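Take a look at the structure below.
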Amino acid sequence: MKTTFISILMLLFVLVLASCKKQEIKTTPLASIQITNAVAGGSTLQFGTNVAMIPNNAYTAFGILTGNQSLKLSSTIAPNEVYYNQNKDFVNGGVYSLFLTGTPASVESVFLKEENIPSHTANVFGARVINLVASNVPININLQGNANGSFISSLAYKAISSFKDVSGLDSEGDKVFEFRNAATGDLITSFTVPSYDLPRFRNITLVFAGGVGAETIIRANNY
């Protein structure tokens, strides 16, 4: 009787194990990519067959399967000109950025795997700048009230800076970034991160975009 009872217990244990195995959930390996559409005079873009679009002078984040994947970005305006079409390798959990610049007739790009997006414990946020305005003269960036080039110095076309800490204290108010001609020090444009929307403990990229004489700044959140 005792042997029969033990046999029944063992059978039940096996059945429970089998049941647990059947309920295992397999996850799909994924990476993420943030695409910024800074093509001067460009249109809204579609990434492959994704429903979400990427407006001009804006960015959109997507999940993407790992391995070698096609990145095809096409205009949403007929005849749906292809702005970008390349294959890239993606690793599980990887974070990537793609910046498109130039003009519709001559699109250029910067693709990178994000390796050093910082985390913050103090009341600060991280900010970096990418220069997507085609010019022979690099740019300097400073926070208003500070010396020319004190935040970033001599940033060339298609170059991207590292993230730098910016204070997020309420008492300091808005953060105004000034973009200057590195050769002359002349102010080109400025961009304000308002006090009510400081990305404390997080990170942003300021995209210096547009054409010479028609520059604009795009804020992309890298939370």
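It should be emphasised that the depicted structure is a prediction, and the values quoted were computed from it without experimental measurement. We number each residue from 1, following the sequence as shown.
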Has [X] got more than 12 heavy atoms of other residues, nucleotides or ligands less than 6.0 Å from its [atom1]?
X: Tyr196; atom1: OH; result: no
X: Asn68; atom1: CG; result: yes
X: Asn87; atom1: CG; result: yes
X: Lys158; atom1: NZ; result: yes

Drop me the distance from [X]'s [atom1] to [Y]'s [atom2], to the nearest 0.5 angstrom.
X: Thr36; Y: Leu45; atom1: OG1; atom2: CG; result: 11.0 Å
X: Leu206; Y: Ile218; atom1: CG; atom2: CD1; result: 10.5 Å
X: Lys72; Y: Thr49; atom1: NZ; atom2: OG1; result: 10.5 Å
X: Ser150; Y: Leu143; atom1: OG; atom2: CG; result: 7.0 Å
X: Leu187; Y: Asn140; atom1: CG; atom2: CG; result: 11.5 Å

Considering only heavy atoms from C-beta outward, does the side chain of [X] approach that of [Y] to under 4.5 Å?
X: Phe201; Y: Val124; answer: no
X: Val110; Y: Ile130; answer: yes
X: Pro199; Y: Tyr223; answer: yes
X: Asn181; Y: Ile139; answer: no
X: Phe99; Y: Asn37; answer: no

Keeping [X] on the side-chain end and [Y] on the backbone end, is there a donor-acceptor pair under 3.5 Å?
X: Asp170; Y: Glu172; result: no
X: Ser97; Y: Leu112; result: no
X: Asn203; Y: Pro118; result: yes
X: Thr66; Y: Val91; result: no
X: Asn92; Y: Leu30; result: yes

*Is the Phe90 ring parallel, tilted or perpendicular to the Tyr96 ring (thresholds 30°, 60°)?*
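Phe90 and Tyr96: perpendicular rings.
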
*Give the ring-plane orientation class for Phe208 versus Phe179, where under 30° counts as parallel, over 60° as perpendicular and anything between as tilted.*
parallel

Shortest non-hydrogen contact from [X] toward [Y]:
X: Asn142; Y: Phe151; answer: CA-CB, 3.9 Å
X: Leu198; Y: Gly168; answer: CD1-O, 3.8 Å
X: Gly173; Y: Ser195; answer: C-CB, 3.6 Å
X: Glu81; Y: Pro104; answer: OE2-O, 3.1 Å

_Please determine whether side chain to side chain contact (heavy atoms under 4.5 Å, CB included) holds for the pair Ile64 and Leu71, giving the CA-CA distance in whole Å, both sets of side-chain angles, and the decisive distance to 0.1 Å._
CA-CA 10 Å; Ile64 189 168; Leu71 298 180; 3.7 Å; yes

*Pair Glu215 + Arg180: basic N to acidic O under 4.0 Å*: no

*Do Lys175 and Asp197 sit within salt-bridge range, that is, some charged N less than 4.0 Å from a carboxylate O?*
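Salt bridge: no.
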
Is it the case that the side chains of [Y] and [X] hold a donor-acceptor pair, with the cut-off being a distance below 3.5 Å and no angle test?
X: Glu178; Y: Ser190; result: no
X: Thr205; Y: Asn222; result: yes
X: Gln34; Y: Thr60; result: no
X: Asn221; Y: Tyr59; result: yes
X: Ser43; Y: Ser75; result: yes

*Mind running side chain to side chain contact (heavy atoms under 4.5 Å, CB included) on Thr189 and Thr216 for me, showing each step along the way?*
CA-CA 8 Å; Thr189 189; Thr216 188; over 6 Å; no

*Is it true that Ile33 and Val39 fall in one hydrophobic cluster, defined by side-chain heavy atoms closer than 4.5 Å?*
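Both belong to a single hydrophobic cluster.
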
*Ile217 and Leu132: same hydrophobic cluster, using ILVMFWY side-chain contacts below 4.5 Å?*
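No.
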
*Take Phe177 and Thr192, measure what side chain to side chain contact (heavy atoms under 4.5 Å, CB included) needs, and give me the verdict at the end.*
CA-CA 6 Å; Phe177 293 82; Thr192 300; over 6 Å; no

*Validate the cation-pi geometry between Arg200 and Phe125: distance from NZ or CZ to the six-membered ring centre under 6.0 Å, angle to the ring axis within 45°.*
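Not flagged: Arg200 not positioned over aromatic ring of Phe125.
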
*Applying side chain to side chain contact (heavy atoms under 4.5 Å, CB included), run through Asp174 and Val193 and close with a yes or a no.*
CA-CA 6 Å; Asp174 298 346; Val193 180; over 6 Å; no

